[in-house]
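Read the structure below first, then the notes.
Protein chains get the first letters and strands the later ones, always in sequence-line order, with residue 1 at the start of each. Source: prediction; values computed, not measured.
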Amino acid sequence: MIAVTAVMAVAAIYFLVPVLWLVIASTKSTGDLFSTPGFAFADFHLLDNLYALSTYDGGIFWRWGLNSIIYSVIGSALTTFVCAITGYALAVYRFRGRAALISVVLASLLVPGTVIAQPTYVLLVTLGLDNTYAGLLLPALVYPFGVLLCFIFAQSAVPLELVEAARLDGAGEFRIFGSIGLRLLATGLVTVLLFAFLGSWNSYILPLLVLTDQELMPLTVGLTGWSQASITIPGLQILTVVGSLVSVVPIAIVFLSLQRFWKAGLTAGSVRG
Amino acid sequence: MTDGTATTTPRRRFSGAGSPWAPYVFVAPFVLLFIVFLIAPIGVAIVNSLFSRQSSGLGFGGSSIEFVGLTNFLRAFADRDFLAGFPRVLLYGAVQVPVMMAVAATLALLFDTALVKARRFFQFSVFLPYAVPSVIAALLWGFLYQPSVSPILQFFAGIGLDVNPLSPGIVLWSIANISLWSLIGINMIILFSALQSVPREMYEAARIDGASELRTALQIKLPMISPAILLTTLSSIIGTLQLFNEPQVLQTITSNIPSDYTPNMAIYAASTLGKDPHLASAMAVILGLATLVVSLLVLAANRRTTNRAADGI
């Protein structure tokens, strides 16, 4: 009992300490960051730091934040819709090519994501989509694991009898999907949505390759750029710290407050293994 | 996974009614995007890898793209630094994946018992790092690895231990630490969710037979969630072969991570610094095939052990 609590306490310290450092460091001035002990508060500079963060380079930080939100929110919503409609069709209809599509989806799970980043970039250049929002949004819509999850969910959550009954009532196929399918799949879709969201929120190698325009960059690329530049521009060090904190807080709140929903989805998915 | 596709219970008969074209319309967006952004890039990589830009006349006479066969592959295989990345990420994976799975499984099993107090707080702390993008996590740990700002290193220095997490021999494990910190949480949650869906009656018999919590955990709970363990292990292995974000970010604060430290970094460097997309494509094809081989080996090894376990029963 005591041993278990001790293990848990050690784990909690390991996982929380870097975040705690980030919070404390964000309140310091550049000078204090280097001259005061890491876990001790110095003079309170958080508001100054936030002001500097908001004004540096014409407020580019918030532009990056907005971009991250555009890529992640729009991207994950569209991705989830594509996965849902595909998984639903695979579960509800028997059509030519269905078995082939399922095998292709399964096989593509073994295709490593970041390896195709470079070829995807070459392709986007060919299509003239490099350095555009679309160039980063469209490749993210291909999410075979999400299709597979939706297929598994739909098999257990959408009774064919219900689809049949809706047809007898004269509902069209799209209406059935929109008003019955999507609703029955909702729990599972939260999981897909969150994984897709985190995928694009974390995305780094593709935006790094595809985007050259500062104005289009997400937070990950922007902040690492600052970190790199801080070697020659000392003030950027503290802005990287504060920027990291600001970029982490909202996502942590959203994610942790939604965990009831996506945990339920994970459980539903693992039942069929 | 295969169960879902192969077995169709009598209840789940497919109805012939409805518009015959509806399913095609439904799957069309995915199929189209799949072809354009998954199949086509693979094709682009393979075709690109067989060509090369040849400049004529000291580079003044312009350049042309010519078919060079396997030359780019030979160049990639002759590149010692590129090749050195493979044993490096394999060594990294051989340590990082078992440690991560062991810690994630231990925490998940502990959370599944009644022994943990303040469960919500502890689950929150284990999971919190997953909400931090891996790139931000690398930035954050990057600060904690620098003696000038790191409270941890200052503490060690205070007790007379001079640790440099960025020194050549240690930096690989400092990178591993960042991905452990980031990913233990999500793996723990997946395993914990799998444990929660095991019917509680399964444990009754063991309890009646007088099995301890530990024995129940090792001999009943772990085997019950083996599909979830396989899934998380496999995706972790694929992840380690793709290692890019953390070393790429740490590269800016240390000279001990060259730009071709991992295969994925070498591809990125060849494409951007070297401006040779053809060599980069050949490298990407090599890394893709290597990943595929490792994944298939893991799947085959797993099938073998599962069969053996089934024979044993």
Side-chain angles (χ1 to χ4, degrees), chain A residues 1 4 8 11-12 15-16 18-19 22 33-34 37-39 82 85-86 89 93-95 101-102 108 110 112 114-116 118-120 122-123 138-139 141-142 147 152 155 160 164 167 173 201-202 204-205 220 223-224 227-228 240 244 247-248 251-252 255-256 263 266-267 270-273, chain B residues 3-5 12 14-15 17-19 22-23 26-27 29-30 33-34 37-38 40-41 44-45 48 110 115-116 122 125-126 128-129 131-136 139-140 144 148-151 190 193-194 196-197 227-228 238 242 244-245 249 252 264 267 271 277 280-281 284 287-288 291-292 295:
Chain A
M1 189 78 197
V4 170
M8 283 296 156
F15 289 110
L16 289 181
V19 180
L22 185 66
L33 183 65
F34 295 98
F39 289 123
V82 171
I85 202 162
T86 313
Y93 303 102
R94 169 179 282 169
F95 56 96
L101 186 54
I102 294 171
S108 66
L110 292 176
T114 53
V115 162
I116 65 162
Q118 195 271 340
T120 303
V122 175
L123 187 80
L138 290 174
L141 300 186
V142 186
V147 170
I152 293 169
Q155 279 185 316
L160 293 178
E164 199 62 45
R167 274 185 198 137
E173 298 300 311
W201 189 259
N202 281 324
Y204 183 57
I205 186 166
T220 47
L223 282 174
T224 47
S227 162
Q228 209 160 357
T240 310
S244 300
S247 73
V248 165
I251 189 87
F255 211 68
L256 294 166
K263 267 194 198 170
L266 276 180
T267 315
S270 56
V271 171
R272 278 167 171 261
Chain B
D3 284 356
T5 60
R12 297 198 64 84
F14 287 86
S15 102
S19 319
F26 280 26
V27 300
F30 176 76
L33 289 161
F34 188 88
F37 291 108
L38 204 98
V44 164
N48 246 333
L110 285 177
L115 296 172
V116 179
F122 285 125
S125 26
V126 174
L128 180 64
V132 179
S134 64
V135 168
I136 307 291
L139 281 177
L140 177 49
L144 296 175
S148 57
V149 281
S150 171
I190 292 172
S193 304
Q196 297 267 293
S197 64
I238 294 177
Q242 311 308 310
F244 178 81
N245 290 8
V249 171
T252 62
N264 226 348
I267 295 169
S271 184
S281 294
L287 176 57
T291 311
L292 194 64
S295 310

| Among the listed options B:Ile238, B:Leu287, B:Leu140, the residue most often paired with chain A at heavy-atom distances under 4.5 Å | B:Leu140
| said: Taking side chain as everything from C-beta outward and backbone as N, CA, C, O, which of these in B:Phe34 sits under 4.5 Å from a heavy atom of chain A? Side chain, backbone, both or neither. | reply: both
| message | For B:Thr291, which atoms come within 4.5 Å of any heavy atom of chain A: side chain, backbone, both, or neither? | response | side chain
| Looking at A:Ile205, A:Leu223, A:Val248, which one has more heavy-atom pairs under 4.5 Å with chain B than the rest? | A:Ile205
| note | Heaviest contributor of heavy-atom pairs below 4.5 Å to chain A, chosen from B:Ser134, B:Ala40, B:Ser295, B:Ser271, is B:Ser271
| field | Nearest non-hydrogen partners of A:Phe15 and B:Ser125, listed with the distance | value | CB-O, 3.1 Å
| query | So which heavy atom on A:Ala89 is nearest to which on B:Pro23, and how close? | reply | CB-O, 4.3 Å
| Taking side chain as C-beta onward, heavy atoms only, is B:Phe37 less than 4.5 Å from A:Leu138? | yes
| Taking every non-hydrogen atom, the tightest pair across A:Thr86 and B:Phe30 | OG1-CB, 3.2 Å
| said: Under 4.5 Å from any heavy atom of chain B, what part of A:Ala252 do you find: side chain, backbone, both or neither? | reply: both
| request: Under 4.5 Å heavy-atom distance to chain A, tell me which part of B:Val149 shows up: side chain, backbone, both or neither. | output: both
| task | Please state whether the rings of A:Tyr204 and B:Phe244 are parallel, tilted or perpendicular, taking 30° and 60° as the class boundaries. | result | tilted
| Taking only residues two or more places apart in sequence, or in another chain, which ones meet B:Thr252 in a side chain to side chain donor-acceptor pair (under 3.5 Å)? | none
| message | Are the side chains of A:Phe95 and B:Val27 in contact, using a 4.5 Å heavy-atom criterion? | response | yes
| query | So what's closer than 4.5 Å to chain B heavy atoms on A:Gln118: side chain, backbone, both or neither? | reply | side chain
| remark: Heavy-atom closest pair (B:Leu33 atom, A:Val142 atom, distance to 0.1 Å) is O-CG2, 3.3 Å
| field | Closest non-hydrogen atom pair, B:Asn245 against A:Asn202 | value | ND2-O, 4.1 Å
| message | Testing the basics here: between A:Ser244 and B:Ile136, what is the closest heavy-atom pair and its distance to 0.1 Å? | response | CB-CG2, 3.6 Å
